[in-house]
Amino acid sequence: AEQQTAGRGRAANKWLSDPGQSILCSVLLTDCPLNPELLSLTAAVAVAETIGRRAKVKWPNDVFLNGRKIAGIFLESKTYNYGTAYIIGIGINCHQTKDSFPPQLKSIATSIDIETQTTCNRISLAKRLLVCLDHRTETAQTDSPAIIELWRKRSIQLGHRVTLLFNGRQFTGNCIGIDPQKGLILQLDSGGVRMFAAAHTTI
């Protein structure tokens with residue numbers, strides 16, 4: 001889409017986008033054998049690869065460049081009698097300038113044009129996104145450990161302290177890994193190791 005009038009993300013967050021400034025798309029996957037956690041990781045890796053080698057992933061659904069958010073991913077699913085269909089909503093900031101963002105986002109959001117000091121080609125970017133998604137979803141079906149390793153290499157949280165809300169309760173600990181079915185793995189400050197599923201977690 002060239003513009004969204006009601007763009008949204010996780011936890012009722014809004015996705016702001018002026019006309020012609022972003023990649024705004026939804027990718028429908030039918031008959032997909034991947035579980036939601038692995039598919040979310042796969043999509044994050046694919047979007048990061050689309051943006052470039054310096055792009056990093058923040059679990060569960062953000063992509064960062066030079067420490068600022070440049071893209072978001074929103075995964076939804078619906079079960080039918082023939083199986084489960086997934087919709088991967090993706091927003092990538094392309095042509096925004098620093099003045100494009102509201103005051104509360106100027107210090108934490110960025111775009112490809114800002115970071116590269118060029119004008120990116122959105123058509124080429126969209127093509128690369130579809131190729132990366134296609135390639136990485138195939139990889140996930142045949143070699144899920146490879147997706148986990150790609151995610152680990154791009155993670156901004158692995159090895160760092162993380163505070164999150166899970167079902168309304170706050171947890172803090174050191175991020176020690178990711179499980180392709182159960183989510184983020186924390187070594188908790190309170191002791192023990194726990195996994196947190198993306199569907200019920202906010203960071």
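Throughout, numbering of the chain's residues begins at 1 and tracks the sequence.
In this structure, Thr137 contributes its side chain and Leu133 its backbone to a donor-acceptor pair below 3.5 Å. Within the 3.5 Å criterion, the main-chain N or O of Cys94 finds a donor-acceptor partner in the side chain of Gln96. Looking only at distances, a side-chain donor or acceptor of Arg122 sits under 3.5 Å from a matching main-chain atom of Ser22. Side-chain N or O atoms of Thr139 include one that pairs as donor or acceptor with a backbone N or O of His135 at under 3.5 Å. Panel note: side chain Glu37, backbone Ala198; a donor-acceptor pair is recorded below 3.5 Å. A donor-acceptor contact shorter than 3.5 Å is absent between the side chain of Gln141 and the backbone of Leu34. In terms of modelled atom types and a separation under 3.5 Å, the side chain of Arg154 and the main chain of Val45 share no donor-acceptor contact. Although no hydrogens or angles enter the test, the distance criterion places a donor-acceptor pair under 3.5 Å between the side chain of Asn35 and the main chain of Leu38. Counting only distance, with no hydrogens or angles, the side chain of Ser144 and the backbone of Ala140 share no donor-acceptor pair below 3.5 Å.
Following chains of ILVMFWY side-chain contacts shorter than 4.5 Å, one cannot reach Ile185 starting from Leu150, and the two form parts of different hydrophobic clusters.
The nearest pair of heavy atoms linking Cys132 to Ala46 is CB-O, 3.7 Å. Considering all non-hydrogen atoms of both residues, Pro36 and Tyr86 come closest at CD-OH, 3.4 Å. The shortest heavy-atom contact between Phe171 and Arg169 is CD1-O, 3.5 Å. Residues Thr84 and Ser77 come closest through the heavy atom pair CG2-CB, 4.0 Å. For the pair Ala197 and Phe166, the tightest heavy-atom approach, listed with the atom from each and the gap, is N-CE1, 4.1 Å.
In this structure, Ile23 CD1 and Ile92 CD1 are separated by 6.0 Å, a value rounded to the nearest 0.5 Å. Rounding to the nearest 0.5 Å places CG of Leu28 at 11.5 Å from CD of Glu76. Distance check, rounded to the nearest 0.5 Å: CZ of Arg128 to CD of Glu49 gives 10.5 Å. How far CZ of Arg152 is from CD1 of Ile178: 10.0 Å, rounded to the nearest 0.5 Å. If you take SG on Cys175 and CG on Leu186, they are separated by 6.0 Å, rounding to the nearest 0.5 Å. To the nearest 0.5 Å, the span separating CZ on Phe101 from NZ on Lys106 amounts to 10.0 Å.
Under 3.5 Å, the side chains of Gln187 and Asn174 contain no donor-acceptor pair of N or O atoms.
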Next item on the list: Under the side-chain contact (heavy atoms from CB on, under 4.5 Å) rule, what do Phe74 and Ile88 come out as? Steps first, then yes or no, please.
Entry: CA-CA 6 Å; Phe74 186 35; Ile88 309 173; over 6 Å; no
Next item on the list: Please test Asp18 against Gln3 for side-chain contact (heavy atoms from CB on, under 4.5 Å), starting from the C-alpha separation and ending with a verdict.
Entry: CA-CA 6 Å; Asp18 291 329; Gln3 181 184 9; over 6 Å; no
Next item on the list: Please step through side-chain hydrogen bond (donor to acceptor under 3.5 Å, both in side chains) for the pair Thr172 and Thr163, ending with a clear verdict.
Entry: CA-CA 4 Å; Thr172 299; Thr163 297; 3.0 Å; yes
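Side-chain contact between Phe64 and Val57 is absent, with no heavy-atom pair separated by less than 4.5 Å.
Checking Val47, Val63, Asn61 one by one against Ile90, the side chain to side chain contact (heavy atoms under 4.5 Å, CB included) holds for a single residue, Val47.
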